[in-house]
Enquirer: 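One structure is given below, represented as structure tokens, and several questions about it will come after.
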Amino acid sequence: MNILVVGGAGYIGSHMVKQLLKDGHHVMVMDNLSKGYRDAVLCKTFFEIDMADQAATTKIFSENPIDAVFHFASFIEVGESISNPEKYFKNNTEGTQALLEVMIQFHVKYFIFSSTAAIFGSPNYSPIDERHPKSPINPYGHSKLLVEEMLERFDSAHGLRFVSLRYFNAAGADPEGELGERHNPETHLIPLVLQAASGRRDSISIFGSDYDTLDGTCVRDYIHINDLVEAHMKAITYLRQGHPSAAFNLGNGKGFSVKQIIEAAEEVTGKKIPFIFDERRIGDPSILVADASLANDVLGWTTEYQDVRDIIKHAWNWEKKYPW
Ligand code: UDP
């Protein structure tokens, strides 16, 4: 297939490109490099373009055959989305709409969308399946939910077939060590914990110690980046087989508290990881764990990396390569 990966210079997009190339697809990347890295793009064709720039995207779609778009280009910091919601709606929602409009004009049929567990908000029950009410508690989640809803309307009106994939906590790195997580600023737990292990930072702050969880710290479902990438491969196959548009929750179905992650990282790295307790972070639900049985049943997707220590091990191999 001819696949355009939007946001292919970022963390998840770059790993996706690597797998698509391995599977023999013709891959093109479009990225505005506001967050991504040019050297993380492993395919030959690269367009430094913002997806909101319809004149530029129209040129790309008119000059290249494109069968499917995989879309990873979004801002992802929950805290920033609360203080600066307009940035999130502008890029994540309006930017995606601009891209979809051009796709429709050129009759591109398939769209795989990076969605998030944040569309659900604070869980009414756990683990979270696809029937769970969608009530985001931060603008980041809201900006993604609006796209999910837009996709349903565009499917009805224009026959655009899509799969929305709601990631729980994407983590880990390319097992071959070629790619990894390079957010700036880094806000995610596992890379920050590993920076504390390597000495790049003095300690890790634990945001909140009085949540209603096993040890008072937040619980999340960490999923290996390659397992997420594999779900995208299954999703495009599903659409090409003629199945209807759908949305799936992606996780391991197991929750780990912040303290448990620190302990697992100490085991993997053999280092003592200093931590301090800090205030709760606004917009953080106490527990987010996926029920991924729909993706298991419908897509035939299973996770290879079920031991959180394997996820941390690959992230640690990447951290040890710093400065990448
Ligand atoms: N967290 C933390 N200290 C940090 C970064 C994150 O205690 O320096 C916690 C955060 O409150 C959340 C969990 O770790 O409960 C995972 O956060 P992350 O930002 O990695 O992902 P999110 O769940 O926000 O998508």
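One-based numbering, in listed order, for ligands and for the atoms of each.
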Enquirer: Under 4.0 Å from a heavy atom of L192: give me the atoms of ligand 1 that qualify, with their elements.
Expert: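 Listed by number with element: 8 (O).
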Enquirer: H188 versus ligand 1: do any nitrogen or oxygen atoms come within less than 3.5 Å of each other?
Expert: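 In this structure, H188 places no N or O atom under 3.5 Å from an N or O of ligand 1.
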Enquirer: With a distance cut-off below 6.0 Å to the six-membered ring centre and an angular limit of 45° from the axis, does R280 pair with Y211 as a cation-pi contact?
Expert: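 Yes, R280 and Y211 form such a contact.
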Enquirer: Note the single closest protein heavy atom to atom 15 (O) of ligand 1, along with its residue, its atom name and the distance in Å.
Expert: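 Heavy-atom neighbour on the protein nearest atom 15 (O) of ligand 1: C218 CB, 2.9 Å.
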Enquirer: Using only heavy-atom distances, determine whether the side chains of H71 and T96 contain a donor-acceptor pair under 3.5 Å.
Expert: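 Yes, because at least one side-chain N or O of H71 sits under 3.5 Å from a partner of the opposite role on T96.
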Enquirer: Tell me whether R182 forms a cation-pi arrangement with Y11, defined as NZ or CZ under 6.0 Å from the six-membered ring centre and within 45 degrees of its axis.
Expert: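 Checked: cation-pi criterion not met.
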Enquirer: Distance to 0.1 Å, residue and atom name: give those for the protein heavy atom nearest to atom 3 (N) of ligand 1.
Expert: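 Heavy-atom neighbour on the protein nearest atom 3 (N) of ligand 1: S205 O, 2.6 Å.
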Enquirer: Determine, considering heavy atoms only, which of F168, F207, Y222 sits nearest to atom 16 (C) of ligand 1.
Expert: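 Among F168, F207, Y222, the closest heavy atom to atom 16 (C) of ligand 1 belongs to Y222.
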Enquirer: Just heavy atoms, cut-off under 4.0 Å: does N169 contact ligand 1 by side chain, backbone, both, or neither?
Expert: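 Under 4.0 Å from ligand 1, N169 contributes side-chain atoms alone.
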Enquirer: Side chains of N252 and T303: is there a donor and an acceptor less than 3.5 Å apart?
Expert: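 Yes.
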Enquirer: Around atom 11 (O) of ligand 1, find the nearest protein heavy atom and jot down its residue, atom name and distance.
Expert: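 In this structure, atom 11 (O) of ligand 1 has D284 OD2, 2.5 Å as its nearest protein heavy atom.
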Enquirer: Identify the protein heavy atom lying closest to atom 17 (O) of ligand 1, giving its residue, its atom name and the separation to 0.1 Å.
Expert: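 Closest protein heavy atom to atom 17 (O) of ligand 1: R281 NH2, 3.4 Å.
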Enquirer: Can you tell me if Q19 and D23 form a side-chain donor-acceptor pair at under 3.5 Å?
Expert: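 Distance-only check passes for Q19 and D23.
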Enquirer: Applying side-chain hydrogen bond (donor to acceptor under 3.5 Å, both in side chains) between S293 and each of D297, D291, N296, report the one that passes.
Expert: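 Result for side-chain hydrogen bond (donor to acceptor under 3.5 Å, both in side chains) with S293: D291.
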Enquirer: To the nearest 0.5 angstrom, please state how far the OG atom of S257 sits from the CG atom of L189.
Expert: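 Rounded to the nearest 0.5 Å, the OG-CG separation comes out at 9.5 Å.
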Enquirer: In terms of residue, atom name and distance, what is the protein heavy atom nearest to atom 20 (O) of ligand 1?
Expert: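 That would be L189 N, 2.8 Å.
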Enquirer: Could you check E94, H142, E77, E80 and say which one makes a side-chain hydrogen bond (donor to acceptor under 3.5 Å, both in side chains) with Y88?
Expert: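 When E94, H142, E77, E80 are each tested with Y88, the side-chain hydrogen bond (donor to acceptor under 3.5 Å, both in side chains) holds only for E80.
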Enquirer: Quick one: do the Q105 and E101 side chains pair a donor with an acceptor below 3.5 Å?
Expert: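 Their side chains do not contain a donor-acceptor pair, so the 3.5 Å distance test is not met.
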Enquirer: Measure up the H132 and Y125 rings against each other and bin them: parallel (under 30°), tilted (30 to 60°), perpendicular (over 60°).
Expert: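 Aromatic pair H132/Y125 classed tilted.
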Enquirer: Give the atoms of ligand 1, by number and element, whose distance to some non-hydrogen atom of V258 is under 4.0 Å.
Expert: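 In order of number, 7 (O), 9 (C), 14 (O).
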Enquirer: Under 4.0 Å, heavy-atom basis, I'd like to know which part of R220 is in contact with ligand 1: side chain, backbone, both or neither.
Expert: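 The answer is the side chain.
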Enquirer: How does A117 reach ligand 1, by side chain, by backbone, by both or by neither, if only non-hydrogen atoms under 4.0 Å count?
Expert: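 It is neither; nothing of A117 touches ligand 1.
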Enquirer: Taking 4.0 angstrom as the limit and counting only heavy atoms of I206, give me the atoms of ligand 1 inside it, by number and element.
Expert: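 Checking each atom against I206, I get 7 (O).
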Enquirer: Go through ligand 1 atom by atom and flag the ones less than 4.0 Å from a non-hydrogen atom of T187.
Expert: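 Numbered from 1, ligand 1 contributes 5 (C), 19 (O).
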Enquirer: Report the part of T217 (side chain from C-beta onward, or backbone N, CA, C, O) that has a heavy atom under 4.0 Å from ligand 1; answer both or neither where that applies.
Expert: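 Neither; no heavy atom under 4.0 Å.
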Enquirer: Suppose I only count heavy atoms of I204 and a 4.0 Å limit; which atoms of ligand 1 are within that range?
Expert: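 Those atoms are 8 (O).
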